[in-house]
Amino acid sequence: MKRNLLYTFLVFLISFGLSSGCVKENTPGPDDIQNLVVVSDTINLLTARVHFDLAGFGEVQLHCEPETGEQTRPIKVIKRVNQNSYSFDLLGLQENTRYVFRIVSQDGQNQEILHEGFFTTAAIPQWLVDYLPDTDHRMNIDGLILLNTFTLPPTLTGVPVVNYPASAFLVVDPSGKLILARVSNARISAVRYTQRGTFLSIHSDFPNTSGSNHIIETTLAGDTILHLVYGHGGFDRMVHHDMILTDDHHIIAITESSVGGVKVDGLMRLDRSGNKIWEWDTSDIIPVTNQPYIQPWGNSISFDNEGNFIVSFRNIHQVWKLHKDTRQVIWRLGKNGTIPLSGNNMFLTQHMAQFIEPNRLMLFDNGQDVRGRIVVSNDHRPYSRIAFYDFNADQTQILNSSFINLPEKYFTWAMGSVIKMGNTYLVGSSWPGYILHLDESGNILSELKFGSLFYRAVPVENFLD
């Protein structure tokens with residue numbers, strides 16, 4: 001009996017030793033951290049990235065905290081792994097602060113510090129401080145808000161651009177406090193938060209055009225994972241105003257190109273390498289020989305619930321529905337469209353058309369002041385509103401329309417946005433620089449005032465949760 005117990009004990013010791021040795025062998029050590037790079041710069045504000053290769057095996061994590069002082073909000077650490085390459089995105093950082101970070105290995109309840117390092121975040125530039133709302137008021141909404149500062153293109157100002165002023169897209173909390181920002185010396189014309197948690201933006205450093213010549217996709221903390229440049233591969237049309245990411249991560253963008261020496265709008269689909277999958281333009285429907293001819297000026301693209309394209313064309317007061325596969329125009333809603341609108345039902349120089357229910361279309365109806373700039377018709381309604389249009393089941397006619405009028409103070413002759421959030425609406429009154437929160441009856445619950453104009457403002461998830 002004693003001999004059997006001794007044998008069992010010896011087997012246990014041998015097994016434990018082998019097991020312990022195996023764990024020890026697969027636990028990374030300090031020398032396994034290789035090619036370490038820490039990025040905290042003046043381009044991607046209030047964020048940082050830590051990149052390294054791991055030569056050993058096992059689980060590693062990253063911890064971060066201010067070297068001294070308090071952290072006013074939680075630091076979010078997002079881990080990305082590609083084979084033996086590790087990237088940690090750090091969000092929720094404070095400006096002009098020295099941080100200590102530690103790469104640790106995890107072995108059960110035991111942790112070993114493999115590397116300790118430091119970085120210092122940049123200060124928020126004064127022009128961006130001046131742009132942000134100066135208020136302690138907080139909107140009663142969940143999540144954060146994405147918007148981009150905007151400078152007028154030379155075609156609107158008449159002043160040739162030599163060096164664009166600094167531009168940025170930024171995420172703010174419901175009180176207008178900056179959460180993160182990407183700064184660019186090129187004009188950031190539009191930005192979207194994608195379904196895979198990245199930012200897709202278009203930038204222009206191309207002189208004397210309203211188009212953009214860069215399509216860039218970045219992670220939350222600022223790593224560039226896609227950069228397509230006009231003139232390379234199939235990217236042979238300037239893009240403008242809006243783009244969307246497909247489920248297979250292709251880009252569909254609104255474009256402008258020349259037909260017979262006249263600018264026309266269109267769409268283009270590019271893959272991740274910049275190869276063109278297809279292109280389409282409005283000259284198939286509106287010949288450039290039409291007199292007078294006006295560029296349709298596409299400014300938003302979205303999908304309906306069947307994946308068809310909904311495209312807003314500002315200058316002709318129309319929204320088009322295009323078949324997702326053939327790009328054939330199914331209908332044109334608006335002034336002189338296949339589904340015509342007139343009188344008070346007609347929207348003017350609209351933006352951000354989208355279906356919020358299978359047969360209910362919502363858009364930001366800018367209105368038009370014929371005493372203002374860029375007058376595209378004789379139609380006059382110098383106030384902005386949110387417009388709703390209810391289609392019949394087969395979308396051949398409008399059964400009902402309704403509107404939420406905005407006070408004159410918020411009139412925005414260009415740009416603008418609206419998003420439905422449950423039973424409320426987030427509205428970007430872009431020209432005077434207001435973000436509004438409206439209840440379902442159109443009452444203004446709260447507002448944020450920014451230092452100058454922006455293109456659109458949309459809610460996004462709270463990255464720090």
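Looking only at side-chain heavy atoms (C-beta outward), Leu270 and Trp278 stay at 4.5 Å or farther from each other. Taking 4.5 Å as the limit, some side-chain heavy atom of Ile141 sits within range of a side-chain heavy atom of Met421. At a threshold of 4.5 Å between non-hydrogen side-chain atoms, the residues Leu147 and Phe450 count as touching. For the pair Met243 and Met268, the minimum side-chain heavy-atom distance is 4.5 Å or more. The closest side-chain heavy-atom distance from Leu453 to Met415 is below 4.5 Å. Pro74 is not listed as a side-chain neighbour of Asp465, based on a closest heavy-atom distance of 4.5 Å or more.
You'll find the ring centres of Phe303 and Phe309 inside the 6.0 Å limit. Between Tyr193 and Phe463, the distance from one ring center to the other falls under 6.0 angstrom. Checked against the 6.0 Å centroid criterion, the rings of Phe411 and Tyr383 do not qualify as a close aromatic pair. Residues Phe388 and Tyr425 place their aromatic rings such that the two centres sit under 6.0 Å apart. For Phe119 and Tyr99, the gap between ring centers is short of 6.0 Å. In this structure, Tyr131 has its ring center no closer than 6.0 Å to that of Phe454.
Between Asp281 and Arg237, at least one side-chain nitrogen of the basic residue sits less than 4.0 Å from a carboxylate oxygen of the acidic one, meeting the salt-bridge criterion. A salt bridge links Glu447 to Lys409: at least one charged side-chain nitrogen sits closer than 4.0 Å to a carboxylate oxygen. A salt bridge is defined here as a Lys NZ or Arg NE, NH1 or NH2 lying under 4.0 Å from an Asp or Glu carboxylate O, and Arg272 with Glu217 meets this definition. A salt bridge does not link Arg49 to Asp89: none of the charged nitrogens lies less than 4.0 Å from a carboxylate oxygen.
Remark: Lys79 is not positioned above the aromatic ring of Phe88, lacking an NZ or CZ atom under 6.0 angstrom from the ring centre and at most 45 degrees off the axis. Taking the centre and axis of the six-membered ring of Phe169, the NZ or CZ atom of Arg182 falls outside the cone set by 45° and 6.0 Å.
In terms of heavy-atom proximity, Pro133 sits nearest to Leu448 at CG-CB, 4.2 Å. When all heavy atoms of Glu112 and Pro28 are compared, the closest pair comes out as OE1-O, 4.1 Å.
Side-chain polar atoms of Ser441 and Asn443 form no donor-acceptor pair below 3.5 angstrom. Checked by atom type, the side-chain pair Asp242/Ser300 shows no donor-acceptor distance below 3.5 Å. Thr349 and Gln368 share no donor-acceptor pair across their side chains, judged by distance under 3.5 Å alone. One side chain, Asn366 or His351, offers a donor N or O that lies under 3.5 Å from an acceptor on the other. A donor atom on one side chain and an acceptor atom on the other are not found under 3.5 Å apart for Asn84 and Asp53. In summary, the side chains of Thr424 and His437 do present a donor paired with an acceptor at a separation below 3.5 Å, with no hydrogens or angles considered. Checked by atom type, the side-chain pair Asn213/Asp205 shows a donor-acceptor distance below 3.5 Å. Between Asn35 and His51, the side chains place no donor N or O within less than 3.5 Å of an acceptor N or O (distance only, hydrogens not considered). Defined by atom type and a distance below 3.5 Å, a donor-acceptor pair is missing between the side-chain atoms of Asn315 and Gln295.
If you take CG on Asp439 and CG on Asn140, they are separated by 12.0 Å, rounding to the nearest 0.5 Å. Considering CG of Asp223 and CG of Asn44, their distance stands at 8.0 Å, rounded to 0.5 Å. Remark: Met362 CE to Asp390 CG distance equals 12.5 Å, nearest 0.5 Å. Taking OH of Tyr455 as the reference point, atom OG of Ser189 lies at 9.0 Å (rounded to 0.5 Å). Expressed to the nearest 0.5 Å, how far CZ of Arg269 lies from CD1 of Ile277 amounts to 7.0 Å. With rounding to the nearest 0.5 angstrom, the CG atom of Leu128 is 7.5 Å from the OG1 atom of Thr149.
Checked by atom type and distance alone, the side chain of Ser204 pairs as donor or acceptor with a backbone atom of Gly211 at under 3.5 Å. For the pair Thr224 (side chain) and Leu226 (backbone), a donor-acceptor distance under 3.5 Å is absent. With hydrogens and angles ignored, the 3.5 Å screen pairs a side-chain donor or acceptor of Gln71 with a backbone N or O of Arg73. Distance alone, capped at 3.5 Å, is enough to place a donor-acceptor pair between the Arg327 side chain and the Asp325 backbone. Not a single donor-acceptor pair under 3.5 Å links the side chain of Lys449 to the backbone N or O of Gly451. In terms of modelled atom types and a separation under 3.5 Å, the side chain of Thr412 and the main chain of Trp431 share a donor-acceptor contact.
For CG of Asp142, the number of neighbouring non-hydrogen atoms (other residues, nucleotides, ligands) closer than 6.0 Å is 12 at most. Dense packing is recorded around CG of Asp248, with more than 12 heavy atoms of other residues, nucleotides or ligands lying under 6.0 Å away. In this structure, Asn96 places its CG atom where more than 12 heavy-atom neighbours from other residues, nucleotides or ligands lie under 6.0 Å away. By the neighbour-count criterion of 12 heavy atoms within 6.0 Å, atom CG of Asp136 is sparsely surrounded, having that number or fewer from other residues, nucleotides or ligands. Applying the 6.0 Å contact sphere to CD of Gln126 captures more than 12 heavy atoms from other residues, nucleotides or ligands. Shown here is Glu70, whose CD atom has no more than 12 heavy atoms of other residues, nucleotides or ligands within 6.0 Å.
Note on ring orientation: taking the six-membered ring where Trp is involved, the planes of Trp320 and Trp280 are perpendicular (angle over 60°, cut-offs 30° and 60°). Classified by interplanar angle (parallel below 30°, tilted 30° to 60°, perpendicular above 60°), the ring pair Trp297/His241 is perpendicular. Ring geometry for His115 against Phe101 counts as tilted: the plane angle lies between 30° and 60°, on a 0 to 90° scale.
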*Please step through side chain to side chain contact (heavy atoms under 4.5 Å, CB included) for the pair Ile310 and Gln354, ending with a clear verdict.*
CA-CA 7 Å; Ile310 306 300; Gln354 63 205 275; over 6 Å; no
_Could you walk me through whether Thr47 and Leu90 satisfy the side chain to side chain contact (heavy atoms under 4.5 Å, CB included) test, starting with their C-alpha distance in whole Å, then the side-chain angles of each, then the deciding distance to 0.1 Å, before giving a yes or no?_
CA-CA 5 Å; Thr47 66; Leu90 304 176; over 6 Å; no
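For the side-chain contact (heavy atoms from CB on, under 4.5 Å) criterion with Ser212, the lone passing option out of Ile254, Thr255, Val239, Ile188 is Val239. Checked options Gln111, His63, Gln61, Glu65; the residue passing with Arg102 is Glu65 (criterion: side chain to side chain donor-acceptor pair (under 3.5 Å)).
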